[in-house]
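Both backbone and side-chain heavy atoms feed into the values below; hydrogens, waters and symmetry mates do not. Labels below follow one simple rule: chain letters A, B, ... track the order of the sequence lines, proteins then strands, and each chain is numbered from 1.
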Amino acid sequence: MIQGDNTLVLLLAGGVGSRLNILVQTRAKPAVPFAGLYRVIDFSLSNVMNSGLSQVGVLTQYKPLSLMSHLGTGEAWDFTGRTREVKILPPRTGSQDSDWYKGTADAVRQNIDFIRARPSRETVILSGDHIYRMDLDDMLRFHRRKKAHVTIAMMVVPRSEIHQFGTGITNSEGRIVEWEEKPKVPRTDLASMGIYVFDTEYLLRLLEEDREEVDFGMHLIPKAIERDNVFAYLFHGYWRDVGTVQAYWQANMDLLKPEPEISPQAWGIRPNPYADRRPVDRCPARFAEGCVVKESMVSAGCFIEGEVINSVLSPGVRVGKNARVRDSIILHDCVLEEGAVVDLAILDKGVRVGQGAVVGKGEDKATPNKAFPTHLYTGITMIGKGAEVPARAMIGRNCVVTPLRRGEDFPSLVVATGDTI
Amino acid sequence: MKLKPKVLAMILAGGRVDELNVLTAYRPKSAVPFGGFARVIDFALSNLMHSGLERVAILSQYRSFSLINHIGIGAAWDMTGRHRGVSILPPSQGSGQSSWYRGSADAVYQNLDFVQYHDPETILVLSGDHVYQMDYREILQYHRDKDADLTIACLEVPMAEASRFGVADIDDEDGERGGRILQYQEKPANPSFNWASLTVYCFRPSVLYEVLAANAREDESFEFGRDILPRIMASQKKVYGFKFRGYWGYTRTVAEYWQTNMDLLGEAPKIPLEEWGIRTNLEHRAVRDCQPLKAGPAASIENSLVYNGCVVEGRVENSILFPGVHVKSGAEVKNSVLFFDNVVGHGASLNTVVSDVNVTFGARVRVGEPGAPQAEKVTVIGWNNQVPDGMVIGSGCTLHPNLRPEQMDREVKNGEVV
């Protein structure tokens, strides 16, 4: 194992992830809950922990509060001790580069003092937005073996999706010889996962050359490829960017398959149970006489009297008598009252669905949301944090109910497919 | 203004009992798992936390590793801080006499230096073996109101059962709240009163010091119920009984332990864990690393408690599953309590079973009899056992921990002990 204190990790957790709609109204994308107990960033943090790396800076910018409380002291990922730490690095004023982060590279540049204060041979830069398991130690060994200045983790993706990524063309040694950021016409199927290993000295030189270069994928990486040794480290396995409602929903559903490609527990992914509102108090999930639970994940603290099929339930969810949940993601402490139906929906924390109300009604899953046609177009309806759906309300497909809506905010008990409240 | 705590709580957690020997072979009774994620002692600790009493000592002697591991630094019960803390007090050698704890009273006596260092106004002595919810501030208030030397929490039990308990005769001085204890008898053959002591005692420290010293000097036996209470009664002290009316769960025998577990289930459980605010330590046994319960396509879970980290592909009914239990497809678990990391193989069927940590039931194994569950018919299985495919085990059986394969190579008839 490469010694943990020789490698610095910078985790970019500033992303807005606006395509996740109401899920990112109160939190940054890495802080979005996932798989019942986890948050998206737990995957990156646990990969860092399980790779034996323990000097971590987390760069935040957008709505950092829930992220900060989730990270806490970093104890959940074993980042406390003499040589272990996790530091939150928000934008700050008063130093030479005092401004909001203008891009990934700019964010790192504004924290050069942090990097210098922790002498390291390599710096690993990764994003807190992805669901995957990866051994970063193996990538570091590859980086040293290749005597690379920069190593980029890359994977093969379908050609139809390649336009969303930075792409590279490699030679027979694995050296990247050409780079194209988000190409319109794909010439390769090798996509960057946004995980970089830099020789630290090289990174610092590169950052100091030109302050106008604010993005790794757009500016620094192409420049490095042109001049120096940049290698592709090939990754095989499950990796998802859960940046869209559809991808977020699908990755949760992937958990429920009989032989899932994704298994947080088997991957050694750790949540931080203490950062929750009621940390240790969650009792075992309680299942009443006559309830039905199939193909689902149910967290501690849930109480199920009705029916739960093909769904992921976070802690503290109550599904009342004759209530039904299907193909849905229900976050912490939601309450489905008697006879409520939730079908193909994402309910943020603390949503209450009144007696006999239906969320996700009708067969028309194709009419997109009128206000956010690029967010919701496959039938998923979203209910924002703390909203209350009145009893007997009928909410269609591809609808959005924004956070904290109450009975009087609903103009009528029928919310047509594609509407937003 | 809160300066130094006025009350020192001492939890008696040292014991094991023969009737629960399979489950207490490697741990004290207070550390026996309970409720799908917790340990029995969590009830006393959570009650203390909710009562704002956070200066706590735990007296522990028997196989204490599991308990020490569970308590950790006490952070799970918020017992860390300037005036908060949990101290585990094991037996220790000293310059004078040094011995194992010869009884619950001796355990406190041997730690009088600790007690006197904290110099409390009241010493609250509790057992770590019971399942209940109590706000200790009420009994402490009663103890202070009466300026008592000793106040004992008591529960009214049927006269027919009174002979199993230490029982008190409480007068009507304060009606429903309590009264003076006129007589106290430890497990009387023919009881004539039926307020059972719950092993929740409030002592005036000077009185406790005095009677512990006399007990150590003059007696052969060193138990609170058998020796200390009768001595205090005999010396004409002010002893009061505080009348408790809530749920009280015992775990002294396998039947009692199983019944108390079943009280967690049903439409209105007698033990509402959530309401009681039970806290446990998630750090050990990697409880916090578990993902949510995963239910398979053919799963059925009814009237049960299931914690994170379980996988259920078969049927679970009237049962409690601890983290890491895997019920495979076609398997059926009824009226049972399965501790951490049990595996129930394809097509196996368990009825009225209490199974300790790390037991694997092979495919098509049958344990227990079909039909209505009865506490007397519980089959208890010790930890780290591999029950081979197709094995049949009857009801009311006892299988000890760590059995070798050749000991499992046959049918086990009803009531047998292996």
Is the shortest heavy-atom distance from the side chain of [X] to the side chain of [Y] under 4.5 Å?
{"X": "A:Pro284", "Y": "B:Ile320", "result": "no"}
{"X": "B:Lys294", "Y": "A:Pro260", "result": "yes"}
{"X": "B:Leu293", "Y": "A:Phe287", "result": "yes"}
{"X": "A:Lys294", "Y": "B:Pro297", "result": "no"}
{"X": "B:Glu267", "Y": "A:Glu289", "result": "no"}
{"X": "B:Phe37", "Y": "A:Arg282", "result": "no"}
{"X": "A:Val298", "Y": "B:Pro292", "result": "no"}

Of all of [options], which one pairs up most often with chain A through heavy atoms under 4.5 Å apart?
{"options": "B:Ala298, B:Ala295, B:Gly277", "result": "B:Ala295"}
{"options": "B:Leu265, B:Asn303, B:Leu264", "result": "B:Asn303"}
{"options": "B:Ile301, B:Val311, B:Leu273", "result": "B:Ile301"}
{"options": "B:Pro269, B:Cys310, B:Ser46", "result": "B:Pro269"}

**Prompt:** Non-hydrogen atoms of chain A under 4.5 Å away: do they reach the side chain of B:Glu317, the backbone, both or neither?
**Reply:** neither
**Asked** Do you know which two heavy atoms are closest between A:Arg286 and B:Gly266, and how far apart they sit?
**Response** NH2-O, 3.5 Å
[X] side chain to [Y] main-chain N or O, any donor-acceptor pair under 3.5 Å?
{"X": "B:Asn308", "Y": "A:Ala300", "value": "yes"}
{"X": "A:Gln265", "Y": "B:Cys290", "value": "no"}
{"X": "B:Glu302", "Y": "A:Gly290", "value": "yes"}

So how far is it from [X] [atom1] to [Y] [atom2], rounded to the nearest 0.5 Å?
{"X": "B:Gln291", "Y": "A:Tyr38", "atom1": "CD", "atom2": "OH", "answer": "5.0 Å"}
{"X": "B:Ile271", "Y": "A:Cys283", "atom1": "CD1", "atom2": "SG", "answer": "11.5 Å"}
{"X": "A:Arg270", "Y": "B:Asp289", "atom1": "CZ", "atom2": "CG", "answer": "4.0 Å"}

Measuring heavy-atom distances to chain B, does [X] have an atom under 4.5 Å in its side chain, in its backbone, in both, or in neither?
{"X": "A:Ile304", "answer": "neither"}
{"X": "A:Ser263", "answer": "both"}
{"X": "A:Ile309", "answer": "neither"}
{"X": "A:Ala285", "answer": "both"}

**Prompt:** What option among A:Gly301, A:Pro271, A:Ser299 has the most heavy-atom pairs under 4.5 Å with chain B?
**Reply:** A:Ser299
**Fill in**
Counting heavy-atom pairs under 4.5 angstrom with chain B, the leader among A:Pro258, A:Ser314, A:Cys302, A:Ala76 is A:Ala76
**Message:** Could you check whether B:Arg288 pairs with A:Glu75 (Lys NZ or Arg NE/NH1/NH2 to Asp/Glu carboxylate O, under 4.0 Å)?
**Reply:** yes
**Request:** Take atom CZ of A:Arg240 as the centre, draw a 6.0 Å sphere, and report whether it contains more than 12 heavy atoms from other residues, nucleotides or ligands.
**Result:** yes
